[in-house]
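One structure is given below, encoded as structure tokens.
Just so we're clear, the structure is a prediction, and the values are computed from it rather than from any experiment. In listed order, ligands and their atoms are each counted from 1.
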Amino acid sequence: MSPVEMNLEARFEAYVADEKKIEPKDWMPDAYRKTLIRQISQHAHSEIVGMLPEGNWITRAPSLKRKSILLAKVQDEAGHGLYLYSACETLGVSRDELLDDLHSGKAKYSSIFNYPTLNWADMGAIGWLVDGAAIMNQVPLCKCSYGPYARAMVRVCKEESFHQRQGFQIMLTMAQGTADQRAMAQDALNRWWWPSLMMFGPSDAESPHSAQSMKWNIKRFSNDELRQKFVDMTVPQAELLGLTIPDPDLRWNEERGHHDFGPIDWTEFQEVVQGNGPCNKERLAARRSAHERGAWVREAAAAYAEKQAQRKTSSTEPHAA
Ligand SMILES: [Fe+2]
Ligand SMILES: [Fe+2]
């Protein structure tokens with residue numbers, strides 16, 4: 001590293017430590033840029049792949065009201081994907097490259113979306129637990145050191161809190177319904193609980209990028225801290241629903257002031273991340289096919305933009321003369 005670069009790096013670190021925001025045209029270390037591209041693109045991919053499990057239930061929603069709520073939620077997720085791809089593009093990577101990496105299987109997205117949605121109660125469990133875990137992860141990102149990411153997260157989090165509430169409300173309705181409905185709600189909790197805890201990523205000891213991301217103010221809490229917060233927040237909600245969290249080791253620890261919980265099956269997590277979850281192939285196939293079927297829209301939009309640009313140049317010609 002040259003003395004000039006060392007100086008730039010020292011200034012960057014001091015700037016970030018001072019809670020100031022880094023903007024796209026500011027100097028930043030290559031590793032910081034790369035970390036952000038990886039994190040923001042994985043996040044964007046998760047938003048749009050996350051539309052698939054719930055999209056499956058739009059046509060099967062039990063009422064017009066539930067259908068319109070679910071439709072709005074799934075559309076919000078598309079919007080989140082778009083803000084995040086745009087934020088990622090400010091780091092000098094193109095959307096085409098990002099999508100190619102998703103479609104080729106090179107890029108990762110949240111492993112939770114590789115689980116199937118078997119019935120309507122899953123819409124409740126996803127909103128309550130998956131969006132709940134997403135909020136826990138994302139609220140601290142509103143203070144992330146990279147300006148475009150932090151600002152995108154402010155709006156995303158507002159919408160996520162609506163998602164979480166609509167999910168909880170579905171669970172509440174089912175938990176107070178018939179015995180069959182209560183059983184469906186319990187079954188959905190049983191299936192989504194552990195994958196939701198895995199959403200926070202590997203434990204701190206196994207998480208290779210965490211320390212550096214904390215130093216750069218990208219990450220504010222460790223994976224284990226966020227997971228603990230999520231468990232502590234969710235246990236009383238499950239009690240209110242009258243449902244049982246599927247963990248025999250779960251209990252309040254007076255000394256720690258937190259809930260203890262059982263061990264997570266990290267082998268399952270690794271399998272899903274490696275592409276061997278129940279729906280990995282189906283999700284990627286759906287994404288690829290949607291991308292191919294949308295090619296004409298992208299071509300038409302590009303042709304229209306070109307035509308508009310040409311009109312602009314020809315209308316400014318007299319002034320050029
Ligand atoms: Fe989202
Ligand atoms: Fe959401």
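Taking 4.0 Å as the cut-off between side-chain N and carboxylate O, Arg155 and Glu159 count as a salt-bridged pair. Between Asp122 and Arg191, at least one side-chain nitrogen of the basic residue sits less than 4.0 Å from a carboxylate oxygen of the acidic one, meeting the salt-bridge criterion.
At a cut-off of 2.8 Å, Asp76 is not counted among the residues with an N, O or S atom near the Fe ion (ligand 2). For a distance bound of 2.8 Å, the N, O or S atoms of His163 include one lying that close to the Fe ion (ligand 2).
Tested against Met199, the residues Ser46, Ser110, Ser111 include a single side-chain contact (heavy atoms from CB on, under 4.5 Å) partner, Ser110.
Geometry at the Fe ion (ligand 1): OE2/Glu160 and ND1/His80 form an angle of 90°, nearest 10 degrees.
Within the 3.5 Å criterion, the main-chain N or O of Gly177 finds a donor-acceptor partner in the side chain of Arg182.
Per residue Asp131, closest N, O or S atom to the Fe ion (ligand 2): atom name OD2. Within Glu47, OE1 is the N, O or S atom that lies nearest to the Fe ion (ligand 1). Between the Fe ion (ligand 2) and the N, O or S atoms of Glu77, the shortest distance is to OE2.
A ring-centre distance under 6.0 Å is not found for His43 and Tyr85.
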